[in-house]
There are 2 protein chains.
Amino acid sequence: MKQELHAMNDEKAVEIFKALSNQTRLNILQMLKDAETNFSAQAHVIKEADFEGGVCVSDIHKKTGTSQSTTSQYLSILLQSGLLESKRIGQWTYYRRNEEMIKQFYHYIGLNL
Amino acid sequence: MKQELHAMNDEKAVEIFKALSNQTRLNILQMLKDAETNFSAQAHVIKEADFEGGVCVSDIHKKTGTSQSTTSQYLSILLQSGLLESKRIGQWTYYRRNEEMIKQFYHYIGLNL
DNA sequence: TTTACATATCGGTAAATAACGATATGCCGA
DNA sequence: TCGGCATATCGTTATTTACCGATATGTAAA
């Protein structure tokens, strides 16, 4: 049974609002929406394992206009909020959108805002 | 012709995310969704003028658990973001939701997040 | 025209966030 | 096992936010 579609409370929503209350972090989420267009092919992810749409930190870093450390920080804020998910493959960490959480958030807005 | 339904850019969205990245401000917006239930009848607004659903600052203040000055500040942040609108009637300032902006924000999320 | 009340603004302090460079850690290939 | 790369973390400073109490402003009633 598909469940948990509306499993979001106000506290979680506030955490997501915080994550998105920064232009750079919003841009990252948006760029990952069309990863093929916005980033070069992620050779390792394709070879190695099932993590479709994942992009490594350095490629994201090149697009953000912030330092490597800031990019890493921002990615972990987005990860913590649940908007992104990550997978380590070799020396790379790949990040991609968590579409399920994004959908939940969208529904939350429709119902609770 | 009904227009402007998607007239929101990333910058405006970030401002709204900021406004909502605080539990108290989120609560205010939510309480105003059902003003009749959450607040006592607003006598003056009924008598005086067309501002259906408007609630005065002191009534909101009673529910927030923050000081009068903080409540006033938070209301002006929500006003500035466009999520609320206000009208001064006599010595009271009434605030209510701007449903049009909230709808625009919801659509923005659906399209751009 | 005082007085009382509703709201906004001011000035402050503590905490959180933004952002960086430097450094540590972890994983490979030589 | 050593060097090199990718990423994470640490330590820092500047800015913003979260609040508050005190005060100013504006309106209306006595």
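Labels below follow one simple rule: chain letters A, B, ... track the order of the sequence lines, proteins then strands, and each chain is numbered from 1. Remember, predicted model here, so these are calculated numbers, not experimental data.
Residue B:Thr93 is in sugar-phosphate contact alone, with no base atom involved, counting any heavy-atom pair closer than 4.0 Å across all strands shown. Here A:Thr70 lies in heavy-atom contact (under 4.0 Å) with a base.
For D:dA8, one of the phosphate oxygens OP1 or OP2 lies less than 4.0 angstrom from a side-chain nitrogen or oxygen of A:Ser72. Remark: B:Tyr74 is not in phosphate contact with D:dT17, judged by side-chain N or O atoms under 4.0 Å from OP1 or OP2. When the side-chain nitrogen and oxygen atoms of A:Tyr95 are compared with OP1 and OP2 of D:dA6, none of them lie within a distance under 4.0 Å. Between B:Asn22 and D:dT17 there is no side-chain N or O to OP1 or OP2 distance below 4.0 Å.
Relative to the ring axis of B:Phe51, B:Arg96 places its NZ or CZ within 45° and under 6.0 Å from the centre.
One interatomic measurement links the two molecules: CG of B:Leu20 to C1' of D:dT17, which rounds to 15 Å at whole-angstrom precision. Atom CG of A:Leu79 and atom C1' of D:dA8 are 12 Å apart (whole Å). Atom-to-atom, CD1 of B:Ile28 to P of D:dA18 comes out at 12 Å; the value is rounded to the nearest Å. Rounded to whole angstrom, the span from the CD atom of B:Gln73 across to the C1' atom of C:dT13 amounts to 15 Å. Nucleotide D:dT17 holds its P atom 17 Å from the CZ atom of A:Phe17, rounded to whole Å. Whole-Å rounding puts the A:Ile77 CD1 to D:dA8 C1' distance at 13 Å. In this entry the distance linking CD of B:Gln80 with C1' of C:dT9 reads 16 Å, nearest Å. Rounded to an integer number of Å, the gap from CD1 of A:Ile89 to P of D:dT7 is 11 Å.
The shortest heavy-atom contact between B:Arg25 and B:Leu78 is O-CD1, 3.8 Å. Of all heavy-atom pairs spanning B:Phe39 and B:Ile60, the tightest one is CE2-CA, 3.8 Å.
Looking at the side chain of B:Val57, the nearest of the listed nucleotides C:dA8, C:dC20, D:dG21 is C:dA8. Minimum atom distance to the side chain of B:Gln68 is reached by C:dT7, of the listed C:dC5, C:dA18, C:dT7. For B:Gln91, whose side chain is taken as the heavy atoms from C-beta onward, the closest listed nucleotide among D:dA22, D:dA28, D:dC19 is D:dA28.
Each of A:Thr66 and A:Arg88 has a nearest nucleotide on DNA chain C; the 5'-most of these lies closest to A:Thr66. For the pair B:Ser76 and A:Lys18, nearest-nucleotide mapping onto DNA chain C gives the more 5' position to B:Ser76.
Under 3.5 Å, the side chain of A:Ser69 and the base of C:dG21 form at least one donor-acceptor pair of N or O atoms.
With hydrogens and angles left out, the side-chain atoms of B:Thr66 and B:Thr71 include a donor and acceptor closer than 3.5 Å.
Annotation: A:Phe17 is in aromatic contact with A:Phe105 [ring centroid separation under 6.0 Å].
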